[in-house]
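Read through the structure below, which is laid out as structure tokens, and then see the notes.
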2 protein chains.
Amino acid sequence: MARGSTRPTSRDVAQAAGVSQAAVSLVLGDKWRGRVSEPTAQRVREAASELGYRPNLAARNLRLGRTRTVLLVVPALTTEFFAEVYTGAARVAAAHGFGVVLYPSPEGVGPARDPFASAQAALDGVIASSMAADALTAIRGDQLPLVMLDSDPDGSLGAATVNLDIADGIRQVTEHLLSLGHRSFLHLAADVPSWTFDVRARELAARLADVPGTDLRTVHAPISIEGALTATEAALAAPGPRPTALVCDDDKLAAGAYKAIRRAGLRVPDDLSVTGLDDLGLATAIDPELTTVRLDAEAFGERGMRALLAVLEGRPPEEGDLPVSLVVRGSTAPPR
Amino acid sequence: MARGSTRPTSRDVAQAAGVSQAAVSLVLGDKWRGRVSEPTAQRVREAASELGYRPNLAARNLRLGRTRTVLLVVPALTTEFFAEVYTGAARVAAAHGFGVVLYPSPEGVGPARDPFASAQAALDGVIASSMAADALTAIRGDQLPLVMLDSDPDGSLGAATVNLDIADGIRQVTEHLLSLGHRSFLHLAADVPSWTFDVRARELAARLADVPGTDLRTVHAPISIEGALTATEAALAAPGPRPTALVCDDDKLAAGAYKAIRRAGLRVPDDLSVTGLDDLGLATAIDPELTTVRLDAEAFGERGMRALLAVLEGRPPEEGDLPVSLVVRGSTAPPR
DNA sequence: TCACACAAGTGTTACGTATAACGTCCGCTG
DNA sequence: CAGCGGACGTTATACGTAACACTTGTGTGA
């Protein structure tokens, strides 16, 4: 404590306990079995807590050459979806002695700076959502082990991928609407370049192509209430017969669509059935409650973290997509 | 590159450029004016980008004794509010060469582990929301510079505080409802111990105490759609005259209240006026759109980061609360 | 002509930690 | 009683960077 205001180091602890710095490291690192006697170990622990010692992580990271920290790159956290992904990832990480640092790419669409400089932390690996596409070039630059969430499995980055079975979700939605009798579809698609949205469009089109007498139009919108509102308003004002089913790329878009439908003097589901995807809290906050596809965001995050741990340890990551399920609520009904 | 697979160090760059490691550090650290000739500097920069050199942050942090990284401790990111706080803080931080690491305390109310161990990053300071109360004990333990968001200015931690003028927001809400003619109030309060909610209750009670003939009941709920739904249902089923105005601690609670009101066969605002607080996207997604108090979350985050920078540099932080404003929409009307 | 400033670097060190390699004492065995 | 191994440590070192102190060569004013 000669220095007064600087944080105590392991050497300070050693001096207080009357042992060498190495002994402190052994005791506090739990590597002391058969190397340090129990009474001595106890003295060290007491001195450490007495001084309020906290190891200097920068020094530890330098010494060990690893940080046990991974970066989770996600799009702006404007829904709880990625918050839950984080929760799942963080839980698995903690169980393995890892920490997770969140990098939400800035909300404005402007290309992200270098997430690594920005997060400033030294990292062992990266988990990235394919929706945070603007950060990908920076990621590719580094040699860090990488796991992609909801990304093209055959993508050009040689990274492991963890995917939700979005295709199956869209299949279930389509089946549900078809069985209700719908034939005329409008697809409210997210205006974001990402595999996870491509697959929605592809699957919907493919499924409807199998059924004679169906038609499908598509309109794109940025993922926001306002964006969905204006896009849907424009689509509803278009000439030609009005579609009876509106398939939205996610719940937020559906919420925006609700507003447009109300403004047009129409009602859900009487005039138009609407479906979402995510099953956010929003889905049950709006009236009528939204028929949507439930994604298990926490399991998604857990799986992502497990995949990264596997990559770090040279093991092959788990195979297979995560299952999703259709939740039928009040926003879908037979067409009139 | 003798080692093959390990990352290049500044020494590797030095060797490639035919200079000393010190010269590399000078050039890349932008401290070379008048110390290294322009051609040499150019050679160094080329060698660095050739090798894909990235400085080892752990080593730099150790050497400099600071990390230019701060931690933002927030409650679970289930709304965009704290996402925007982060955006604001990160923007200011980046402009000063800092990074921000996000620590969302786990969604389950269980007490957070040690956020510092969990975030794993070496830190220069902390910004913490008073809502993440469970992490506070761990924070108090460290000697890190601390800024509290929406916390009691006279609080026991000797930390700088940055507050939104919530009291003024509640005043405006109350005034608005009183001027519409409401006299019977129900307060749907968040079931979270935090100064930011205490101040709501205090201000509402104080304001109504000034007006003869008013009455105020309070019901508590966890901050979720479901929680608000059940609490409001119970309150509406209670005996006695039904209140005509429902003041909610935030927008999410208001969304839950909407559902309870619908289920009771009542209508907003005809049977019951409802107000929120936050002005999230949710506020305009529900029908009718919510009268609420707009908080500038990004400015809040910016102010928080500026305050922390001030503390780090030994300057006094800015004084004064951040202004808020009432946004009147369709959820409030005169009582019938 | 000589001291001296100045440009253009280099050598060396310390930051705090974890661990490999090395000592020392002691009791015990053959 | 030599020697040997376990218990209990210590000493020394490296991780990669930034910065201080120092060196060398060159022009320059007195």
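As a basis for the values below, the full set of heavy atoms in this structure was taken, side chains included, without hydrogen atoms, waters or symmetry mates. In the text below, chain A, chain B and the rest are named by the order of the sequence lines, each starting its count at 1.
- The side chain to side chain donor-acceptor pair (under 3.5 Å) check on A:Glu46 picks up nothing, with sequence neighbours excluded.
- Residue-to-nucleotide proximity on DNA chain C shows that, of A:Leu57 and B:Arg11, the 5′-proximal contact is made by B:Arg11.
- For B:Glu80, there are no salt bridge (charged side-chain N to carboxylate O under 4.0 Å, His left out) partners, not counting sequence neighbours.
- Look at B:Arg60 and you'll find a side-chain N or O under 4.0 angstrom from OP1 or OP2 of D:dA18.
- In this view, A:Arg68 satisfies the side chain to side chain donor-acceptor pair (under 3.5 Å) rule with no residue, not counting sequence neighbours.
- Not a single side chain to side chain donor-acceptor pair (under 3.5 Å) links B:Glu319 to another residue, sequence neighbours left out.
- Taking the salt bridge (charged side-chain N to carboxylate O under 4.0 Å, His left out) definition, one finds that B:Glu50 meets it with nothing, sequence neighbours left out.
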Shorter than 3.5 Å, N or O on both sides, protein versus nucleotides 4-13 of chain D: list them out with atom names.
from   : atom 1 : to      : atom 2 : distance (Å)
D:dG9  : OP2    : A:Ser37 : N      : 3.1
D:dG9  : OP2    : A:Ser37 : OG     : 2.5
D:dG9  : OP2    : A:Thr40 : OG1    : 2.6
D:dG9  : O6     : A:Arg35 : NH1    : 3.0
D:dT10 : OP1    : A:Ser20 : N      : 3.3
D:dT10 : OP2    : A:Ser20 : N      : 3.0
D:dT10 : OP2    : A:Ser20 : OG     : 2.6

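- As judged by a 4.0 angstrom heavy-atom cut-off over every strand, B:Thr9 is placed among residues touching the sugar-phosphate backbone only.
- In this structure, the CG atom of A:Leu64 is 16 Å from the P atom of C:dG16, given to the nearest Å.
- Annotation: side chain to side chain donor-acceptor pair (under 3.5 Å) contacts of B:Arg43 (sequence neighbours excluded): none.
- Every salt bridge (charged side-chain N to carboxylate O under 4.0 Å, His left out) that A:Arg45 has, sequence neighbours left out, goes to A:Glu38.
- A distance of 4.0 Å separates CD1 in A:Ile223 from CE in A:Met131, rounded to the nearest 0.5 Å.
- B:Leu62 comes within 4.0 angstrom of a nucleotide base, judged by non-hydrogen atoms across all strands.
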Close N/O contacts between protein and nucleotides 27-29 of chain C (under 3.5 Å):
none

